[in-house]
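Here is the structure we will look at.
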Protein chains: 2
Amino acid sequence: MTDVRVLLVDDHPVVRAGLRAMLTEFDGISIAAEAADGKAALNELSRLAMLGEGVDVVLMDLQMGAGMDGVAATAAIRKLAAPPPVLILTTYDTDADILSAVEAGASGYMLKDAPPEQIRQAVFAAAAGETVLAPRAAALLMKRITNPGTSLTPREVQLLELLATGLSNRAIAKQVFISEATVKTHLVHIYGKLGVDNRTAAIAAATRRRIIRPPGQAG
Amino acid sequence: MTDVRVLLVDDHPVVRAGLRAMLTEFDGISIAAEAADGKAALNELSRLAMLGEGVDVVLMDLQMGAGMDGVAATAAIRKLAAPPPVLILTTYDTDADILSAVEAGASGYMLKDAPPEQIRQAVFAAAAGETVLAPRAAALLMKRITNPGTSLTPREVQLLELLATGLSNRAIAKQVFISEATVKTHLVHIYGKLGVDNRTAAIAAATRRRIIRPPGQAG
DNA sequence: CGGAGGGTCAATCAAAAGGTTGACCCCGGG
DNA sequence: CCCGGGGTCAACCTTTTGATTGACCCTCCG
């Protein structure tokens with residue numbers, strides 16, 4: 001049986017070097033190519049396809065500073081003709097990260113602090129078409145299925161965004177042409193869903209779960 | 001001339017492997033040991049010292065999930081008898097990270113997305129007792145010197161960080177062992193310096209100016 | 001048709017945050 | 001030596017926020 005051919009996608013040269021060193025030490029795994037962002041990954045895939053060299057697993061970081069991010073890249077890869085499984089290997093295990101990765105079609109979700117042996121097993125499992133999830137990722141998905149009623153409505157997300165810009169309840173009310181009382185009602189719902197009890201904690205929680213962009217970030 | 005002996009401190013096996021692979025490829029650098037957190041780093045230093053094997057540079061990550069974090073570890077190392085220079089190699093370049101690292105006695109501050117050649121040069125520079133700073137870190141420190149009046153004090157930055165995690169004034173007070181009154185005093189100063197009038201706006205302003213990392217991001 | 005869920009608003013009370021003033025300590029530099 | 005900046009704390013008061021309850025109006029869907 002030939003090696004499992006892996007495409008590394010990570011914007012940090014250090015991390016790529018680490019994965020390369022780690023994975024090439026294992027029998028049965030070889031690095032087909034590397035890419036620093038999502039676009040480069042797609043380029044590599046098509047380049048390798050033209051050479052007749054398949055990729056068995058894409059090892060993808062979610063957080064990438066510039067260019068196409070991991071979620072977009074995963075979604076794009078899954079739209080290819082014969083898409084290889086995408087195994088997410090990232091630093092954070094937040095709800096939004098996990099959910100958006102799974103939604104985008106990832107075959108697995110592992111954390112970078114996992115021991116090498118676990119990463120090795122995950123690569124083989126993904127190559128074999130199996131799904132591999134870090135414990136927290138698995139737990140989250142279970143919880144989502146059993147208890148789907150906890151997601152924020154578009155309106156709540158909108159208020160959350162305004163909240164994060166530093167506006168007061170009154171200012172938010174004026175901004176969206178509702179009363180301050182209604183703003184309060186929404187905030188209570190938001191706090192409940194996020195499991196917090198004040199606005200700054202809501203911003204922190206929503207930012208961490210990538211429900212909203214970090215305050216003050218353009219876009 | 002013998003190799004520059006480096007102690008790697010990072011909680012991610014992948015990153016350690018990457019740095020090891022990257023650095024050992026350069027002439028004149030060898031890896032003395034590795035550690036997954038601050039405590040382990042101190043242990044390694046004392047172990048190597050007993051063997052008569054010095055360490056020329058400690059390459060330290062700031063963000064480490066469990067155990068002693070990078071700042072505490074740096075401070076602890078600088079208190080040793082013949083402390084090796086500590087070169088911070090981290091993901092973020094916020095004011096808070098930079099300032100606390102420099103205060104703790106770091107000899108340099110580099111970002112993980114720096115090209116390998118820059119990291120190599122930084123290691124040699126640190127080993128030679130020089131100070132190496134990423135552009136943003138250098139700019140921040142220059143600004144501190146030329147214009148200290150309008151910038152936040154370390155204490156204020158510290159409170160700002162806690163603020164951004166969603167803590168109440170009382171919770172912040174307990175966290176840093178001061179009274180709630182003092183927290184309020186600091187916040188008033190912070191609002192004045194940032195030109196805002198409430199805590200959420202302060203978080204937004206501080207995040208936008210990269211004084212603090214976005215709320216909820218690991219650190 | 002009749003809920004269910006989302007959005008709107010109000011009244012009320014309790015808690016937290018914000019603004020102001022004044023005070024004390026410590027340290028480093030003119 | 002004294003002054004200023006940073007850090008600490010207190011008392012007081014105003015404003016904002018949070019919690020609770022109850023209500024009305026939509027629209028979508030079984």
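Sequence lines set the chain letters: A, B, ... in the order given, protein chains first and strands last, and positions in each chain run from 1.
- Applying the 4.0 Å criterion to OP1 and OP2 of dG5(C), one finds that Thr153(A) has every side-chain N and O outside that range.
- One can place CZ of Arg155(A) at 15 Å from C1' of dG5(C), the figure rounded to the nearest angstrom.
- Spacing between atom CZ of Phe177(A) and atom C1' of dC9(C) amounts to 17 Å, rounded to whole angstrom units.
- Thr182(B) and Ser179(B) share a side-chain donor-acceptor pair at under 3.5 Å.
- Atom-to-atom distance recorded for Leu159(B):CG and Gln175(B):CD is 10.5 Å, nearest 0.5 angstrom.
- Of the options Leu59(A), Val58(A), Leu62(A), a side-chain contact (heavy atoms from CB on, under 4.5 Å) to Ile88(A) is made by Leu62(A) and by none of the others.
- Of the inter-residue distances, the one linking Thr91(B) atom OG1 with Leu111(B) atom CG reads 8.0 Å to the nearest 0.5 angstrom.
- The NE2-P distance, from His189(B) to dC9(D), rounds to 14 Å in whole Å.
- dG7(D) atom P lies 15 Å from atom CD1 of Ile172(B), rounded to whole Å.
- Looking at Arg5(B), its side chain does come within 3.5 Å of a backbone N or O of Gly54(B) through a donor-acceptor pair.
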- Base versus backbone protein contacts along nucleotides 10-18 of chain D [heavy-atom cut-off under 4.0 Å; B, S, -]: B-----SBB
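- Taken from CG in Leu163(B) to CG in Asn169(B), the straight-line distance is 7.5 Å, to the nearest 0.5 Å.
- Going from atom CD of Gln158(A) over to atom P of dG6(C) covers 16 Å, rounded to whole Å.
- Atom CG in Leu152(A) sits roughly 11 Å away from atom P in dG6(C) (whole-Å rounding).
- The interatomic distance linking His186(B) (NE2) with dA17(C) (P) rounds to 16 Å, in whole Å.
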